[in-house]
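All heavy atoms count here, side chains included; hydrogens, waters and symmetry mates do not. Not measured: the values here are computed from a predicted model.
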Number of protein chains: 2
Amino acid sequence: MAESPLALEPLARVTLNDLAYARLKHALLSGRLEPGTTLTLRELAAQLGTSMMPVREAVTRLSAEQALTVLPNRGIKVPALDAGTAAELWRLRFLLEGDACAEAARHASTAELARIATLRDAVEAHGRGGDLYGVLEANSAFQFAIYEAARGPVALQFIEVLRMKSVPHCTAAIRGMLRERPAYFDECWVNHDALVDALMRRDAVLAREVKVRDLRALQALVDDASGAQP
Amino acid sequence: MAESPLALEPLARVTLNDLAYARLKHALLSGRLEPGTTLTLRELAAQLGTSMMPVREAVTRLSAEQALTVLPNRGIKVPALDAGTAAELWRLRFLLEGDACAEAARHASTAELARIATLRDAVEAHGRGGDLYGVLEANSAFQFAIYEAARGPVALQFIEVLRMKSVPHCTAAIRGMLRERPAYFDECWVNHDALVDALMRRDAVLAREVKVRDLRALQALVDDASGAQP
DNA sequence: AATTGACATCTGTGATCACAGGTGAATATA
DNA sequence: TATATTCACCTGTGATCACAGATGTCAATT
């Protein structure tokens with residue numbers, strides 16, 4: 001067989017299983033599922049218009065990643081985090097997301113940098129508008145644009161898992177603060193600007209530093225909120 | 001309801017799915033599956049004495065983690081790594097396994113340290129005996145005893161995923177070196193000793209440093225072997 | 001009136017069946 | 001003899017069916 005000069009990708013086969021997983025992942029990453037929410041396979045299958053089969057493989061996977069918990073004969077639950085697990089998640093987010101930002105500073109193309117800057121603006125716009133899901137969705141898109149630019153598919157997948165577990169745990173606190181003290185988020189916009197700036201200047205060390213600072217602020221917000229009204 | 005003084009664990013429900021996953025994971029982590037090996041769902045189901053169902057959920061999961069590749073209508077394959085992915089895996093192993101060793105130095109109980117030291121001896125014994133699967137199995141047990149002592153379940157899972165992808169890629173090189181230049185591994189035993197020593201002295205920085213050195217040596221071995229006879 | 005008992009219902013799990021699609025060997029053709 | 005073509009077989013994927021177990025309701029009993 002002759003070597004094709006096109007070298008086309010093998011054209012990844014997308015199964016209903018993958019599709020179901022992608023949907024649930026997106027729901028978790030964009031804060032639309034909060035701890036305590038319960039689901040059932042049959043209900044999800046009906047919503048997606050398929051049989052239970054693809055849904056249950058997706059749920060099995062998410063349950064293995066501890067992004068969902070399956071109660072035997074009782075349904076599927078978005079788990080609440082105990083303090084120890086939450087602490088470990090923050091630690092790993094500092095480590096992996098910080099590292100990914102450093103790598104992004106090294107590898108991002110100018111087109112990617114431009115796209116990242118655009119997405120940053122969208123986050124701030126939604127944030128000042130005060131709509132929760134808008135800002136969560138936009139923020140997710142902004143962050144993952146950076147992590148994709150880091151050119152590390154394995155690390156990207158780890159970060160997805162971390163955030164699927166972490167985001168639901170943060171949503172309530174963000175909603176409260178967005179309603180009561182929206183000015184609190186000014187610090188976020190500053191950090192976002194600083195991060196984009198570091199990426200554009202190719203300063204890997206600074207990028208990681210800014211990212212960790214940003215995450216630490218979020219952790220403080222969430223810890224305060226859950227400490228105040230548990 | 002009265003608070004039970006026993007506070008028993010909820011007794012985790014173990015499904016055939018989990019069992020099948022554990023089996024395949026173990027086969028990958030202990031080097032018994034090498035790149036290029038092909039499997040089928042029906043064959044695995046027959047070996048495990050179940051229907052295809054539990055096996056396929058386990059395989060779906062492993063394929064999502066890219067520890068296995070499923071070729072549409074053609075079977076399941078243990079994937080070979082391209083250079084880019086291999087490099088990223090090494091980078092992440094330095095990061096996460098190094099970090100886990102540092103954490104183990106902080107949190108390991110004396111009982112765990114004793115067990116780790118025992119397992120270290122077993123690795124060296126099998127290594128000097130020259131039997132491949134013995135040393136791989138013992139080494140896996142030794143390393144994971146350390147990572148469990150680090151008290152980070154999420155990080156532990158990430159490390160498992162990394163090694164499921166990395167170990168098959170290393171097996172052939174280790175076999176070759178074990179046969180041709182067994183003295184090469186003396187460096188390993190020294191590193192293992194140094195690692196256990198660092199753990200016992202609670203020196204987190206040193207533990208990470210030794211671990212990274214150990215991994216770097218393994219990477220050099222594997223890269224040399226695959227560069228020599230690709 | 002409070003407690004206990006049974007039962008109807010709903011859950012995830014596992015098995016079996018049906019199917020589209022890809023492979024490769026055997027066959028027919030030039 | 002070399003090439004093209006067909007076709008039987010085997011694969012993963014998806015749907016449907018069967019089942020054990022947990023829950024909560026409702027009635028019978030004390």
Side-chain angles (χ1 to χ4, degrees), chain A residues 1-2 4 8-25 27-28 33 35-80, chain B residues 1-2 4 8-25 27-28 33 35-80:
Chain A
M1 190 196 299
S4 164
L8 290 173
E9 298 261 331
L11 144 59
R13 182 183 174 79
V14 56
T15 65
L16 289 181
N17 170 6
D18 296 327
L19 209 142
Y21 180 82
R23 281 301 178 86
L24 287 169
K25 179 173 76 178
L28 285 164
L33 288 172
T37 308
T38 64
L39 308 164
T40 69
L41 291 181
R42 289 166 172 86
E43 171 195 345
L44 290 171
Q47 274 199 33
L48 291 173
T50 72
S51 82
M52 277 169 41
M53 186 67 55
V55 175
R56 87 193 240 194
E57 295 194 340
V59 168
T60 300
R61 211 172 126 188
L62 289 163
S63 135
E65 293 162 348
Q66 317 254 19
L68 293 177
T69 301
V70 30
L71 322 168
N73 307 329
R74 284 223 301 133
I76 298 141
K77 207 178 91 176
V78 183
Chain B
M1 191 197 302
S4 164
L8 291 172
E9 297 263 330
L11 142 60
R13 182 184 173 79
V14 55
T15 65
L16 288 181
N17 170 6
D18 296 327
L19 209 141
Y21 179 82
R23 279 304 177 86
L24 288 169
K25 179 173 75 178
L28 286 165
L33 289 172
T37 309
T38 63
L39 309 164
T40 69
L41 290 181
R42 289 167 174 84
E43 170 194 345
L44 290 172
Q47 275 199 33
L48 293 173
T50 71
S51 82
M52 278 169 41
M53 186 67 54
V55 175
R56 84 194 244 194
E57 296 194 339
V59 169
T60 299
R61 213 172 125 186
L62 288 163
S63 135
E65 290 160 348
Q66 316 254 17
L68 293 177
T69 301
V70 30
L71 322 168
N73 307 328
R74 283 222 302 132
I76 298 142
K77 207 179 90 176
V78 183

Of all the heavy-atom pairs spanning P54(B) and A20(B), show the shortest one and how long it is.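 Looking at all heavy atoms of both residues, the shortest contact is O-CB, 4.2 Å.
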
For residues P35(A) and A80(A), report the shortest heavy-atom separation together with the two atoms involved.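 Scanning both residues, the minimum pair turns out to be CB-CA, 4.1 Å.
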
Do nucleotides 5-12 of chain C as a string where each nucleotide becomes B, S or -: B if the base has a protein heavy atom under 4.0 Å, S if just the sugar-phosphate does, - if no protein is that close. ------BB

For the [atom1] atom of [X] and the [atom2] atom of [Y], what is their distance to the nearest 0.5 Å?
X	Y	atom1	atom2	answer
N17(B)	T50(B)	CG	OG1	10.0 Å
R56(A)	S51(A)	CZ	OG	9.0 Å
I76(A)	T40(A)	CD1	OG1	6.5 Å
E65(B)	R61(A)	CD	CZ	8.0 Å
E57(A)	D18(A)	CD	CG	9.5 Å
L24(B)	L68(B)	CG	CG	6.5 Å

Heavy-atom distance under 4.5 Å between the side chains of T60(B) and T60(A), does that happen here?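 Contact flag for T60(B)/T60(A) side chains = no.
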
Could you give me the CA-CA distance, side-chain angles and deciding distance for L28(A) and L62(A), then say whether side-chain contact (heavy atoms from CB on, under 4.5 Å) is met? CA-CA 10 Å; L28(A) 285 164; L62(A) 289 163; 4.3 Å; yes

Range on DNA chain D touched by chain A, heavy atoms, distance below 4.0 Å: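 Here the contact window of chain A covers dG14(D) to dT23(D).
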
List in numerical order all residues of residues 58-66 of chain A for which some heavy atom is under 4.0 Å away from an atom belonging to DNA chain D.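 Within this stretch, nothing sits under 4.0 Å of the strand.
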
